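What you are looking at is a predicted structure, and each value in this text was computed from that prediction instead of being measured. Note: hydrogens, waters and symmetry copies are ignored here, and every other heavy atom, side chains too, is used. Just so we're on the same page: letters track the sequence lines, and every chain starts at 1.
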Amino acid sequence: MPSNAEIAERFREIADLLDVLGERFKPEAYRRAARSLDDLPEDISAYAARGKLRQIPGIGEALAAKVEEYLRDGRIAYRDRLAAEIPSGVVALMKLPGLGPKTARRLWVELQIDGPQALREAIDAGRLAGVKGFGDRKVALFREAATAPAPVARLPLWEAYETGTGLVAALRERVPLDRVELAGSLRRARESVGDLDLLTTSPNPSKVMEAFTTLPEVREIRLKGPTKSTVLLASGRQVDLRVVPAESFGAALQYFTGSKEHNVKLRSRAQRLGLRVNEYGVNRGSTRLAGATEAEVYRALGLAEIPPELREDRGEIDAAEAGRLPRLLSAGDLAGDLHVHLPPGAGAEEAADAARSARDLGHRVVGLVLPPDATPEGFGRLRRDVGAAETGLRILWGVERGWKAPAWGGAPAVDFVLLTPSGPDPPEGPPPAGGFPGVSTVLAHLSLDRSGLGESDPVRSEAWIDWAAARGIALELPPTAARDGLDSTSARAARERGLPLVVTGLSERRCDPKRLQVAVALARRAGLGPADVRNVSESPLWPAPELTPARPGPPVERPAAPSAGRRRRSRP
DNA sequence: GCCGTTTTCGGCCCGACTGTTTTCAGTCG
Ligand SMILES: Nc1nc2c(ncn2[C@H]2C[C@H](O)[C@@H](COP(=O)(O)OP(=O)(O)OP(=O)(O)O)O2)c(=O)[nH]1
Ligand SMILES: [Mg+2]
Ligand SMILES: [Mg+2]
């Protein structure tokens, strides 16, 4: 859906330009519409053709006209006029850390500074000295902002999770803390995370701030106050810490988890109810109604507690009011992980270790995955040697098979095949030989990634979902999202198509509960419940696809029939 | 520019930190 993204980008440009002009609410109106376009499940031109543009949240008469103009002309005259009036460098100035629309405009209008480079030169030439409101400290800050390297890119969720949990552990080592949570986009399980947001309660906030800002990995202190500090790590990654009293922990967690748009909607709702919501609690006048837990905060607003993964202002507040929030998957629902890699040439010991790691987590089933060069003979030996050594855990054997791999040459059959694509798009023509008939198949290591951030390219993910749906092939939700499988947006679409879905940790040698936890969070973000996920059952396999047999299929050992009530696939 | 179980016009979330401010503006979360 290229035009959705293009129009969203044009609207965001307009928003930035209007910011520079000092407009108050219009910029947010354009950003809201841009976000709606990003969230749209279909190409915007389909809405335009049906005359339904105005039904998109944040699109009214004026913006609908601009969408139509772009679809017709490939440009929006209003944007072009603004862009001609305001040098792009002024927008760049506004985006420097610590500078905003007011400063950028003043620099431009009063001092003819039209970009970061010009700002640095002006400062070095002393042109800012004595200008009202620009004292020495501010000028120094401007210069630093103008010469600092560009801010680091967003981090894929899984990496943010590792950095974040490491940081929490480091902080706990140095100072006693009551409660600590990672909040922000990480807690919401966004596929990409900009900064890390930490919330704590402590009887001694200043001690916590001191410990936080002096952590060895801290390169620079951006802000430091009694309740809030911001630092940059050596990596350039920003971390925000907020400390609040224990009785405000729930309200603060609600605030710091966001999203911003969710918070604004919630607080507007509170206003209507005669209430005020902030990070310290819910209040009516000077009476405090809630604050210790998030559930309390939502209840005070007449809402069911909204899972963090859904807090994006995409209708979840109305759903919470109506009691229509979905029952989401939780880690405890899973019977086991279906994607634990065994190393090349793994023997019985390694396989047994992997199985035991799963059993020790209380799992009832594990999918052990052989590397692509595995052979039926080697697999036969491995399975025999592992034998009945394991108790209380069912092993399902899978093998990764490349698209062009020769068909699996004979018995014994594995329990499932992880078919790995060789290119970015589904191929035309006959189905691959890598799989084989009669065996459940999942597309694995599917890379739909658009930007290296775990977010899928909507066009390609739709193509793969179509391809898999037509063949009864399952799709995978790994902790790395679109790098290796579905992200939450495409998982939502796949669920609507009724595809078999598996939530996996995609780990090496051992079942990794932390990776599984992240994958579950992504599944929750997709709105998936236990009924949508195959591996909630210890018989998680799904019907085998229809692939062209390369040779008569070997006898297939199916330890158990797939559960009843499975969805039927349809041919295209 | 959008939007409506108080509004079709008047609102549009609320607070922390910093700098230069003598009472607050700007930026950010
Ligand atoms: N009420 C309110 N809350 C905000 C605002 N801006 C940010 N927050 C809250 C909600 C955010 O999720 C949280 C953390 O802010 P961040 O800027 O780190 O955003 P977030 O973590 O959601 O996304 P990120 O991946 O860091 O870009 O603070 C705001 O303008 N108003
Ligand atoms: Mg954040
Ligand atoms: Mg933050």
Please, which pairs that meet ring pair (Phe, Tyr, Trp, His ring centres under 6.0 Å) have at least one residue in residues 141-168 of chain A, sequence neighbours excluded?
A:Phe134-A:Phe142, A:Trp158-A:Tyr161
Inter- and intrachain pairs under side-chain hydrogen bond (donor to acceptor under 3.5 Å, both in side chains), touching residues 59-69 of chain A, at least two apart
none
So which one's nearest nucleotide on DNA chain B is more toward 5', A:Leu96 or A:Glu279?
A:Glu279
Can you name the side chain to side chain contact (heavy atoms under 4.5 Å, CB included) partners of A:Leu215, sequence neighbours left out?
A:Leu167, A:Ala170, A:Leu171, A:Arg174, A:Phe212, A:Glu217, A:Val218
Tell me whether the OP1 or OP2 atom of B:dC17 has a side-chain N or O from A:Ser229 closer than 4.0 Å.
no
Does anything in residues 80-95 of chain A pair up under side-chain hydrogen bond (donor to acceptor under 3.5 Å, both in side chains), and if so which pairs, sequence neighbours excluded?
A:Asp16-A:Lys95, A:Arg75-A:Asp80
Could you check whether A:Arg276 gets within reach of a base, just the sugar-phosphate, or nothing at all, counting any heavy atom under 4.0 Å?
sugar-phosphate
Below 4.0 angstrom, which residues in residues 299-323 of chain A have at least one non-hydrogen atom near DNA chain B?
none
Considering residues at least two apart in sequence or located in another chain, which fulfil the side chain to side chain contact (heavy atoms under 4.5 Å, CB included) criterion with A:Thr213?
A:Ile221, A:Lys224, A:Ser229, A:Val231
Kindly write out the residues that satisfy side chain to side chain contact (heavy atoms under 4.5 Å, CB included) with A:Asp313, not counting sequence neighbours, or none if the list is empty.
A:Arg35, A:Glu261, A:Lys265, A:Glu316
Let's see if you get this right: which residues in residues 242-253 of chain A place a heavy atom under 4.0 Å from DNA chain B?
A:Arg242
Look at all strands and tell whether A:Lys26 reaches a base, only sugar-phosphate, or nothing, counting heavy atoms closer than 4.0 Å.
base
Under-3.5 Å donor-acceptor pair between A:Tyr280 side chain and B:dG15 base
no
Quick tally for nucleotides 3-10 of chain B: nucleotides whose base has a protein heavy atom under 4.0 Å get B, sugar-phosphate-only ones S, the rest -, giving S--B----
Name every residue in residues 75-83 of chain A that has at least one heavy atom under 4.0 Å from any atom of DNA chain B, in order of residue number, or write none if there are no such residues.
none
Within residues 190-223 of chain A, those residues having any heavy atom closer than 4.0 Å to DNA chain B are A:Asp197, A:Leu223
Considering residues at least two apart in sequence or located in another chain, which fulfil the side chain to side chain contact (heavy atoms under 4.5 Å, CB included) criterion with A:Pro57?
A:Arg32, A:Ser36
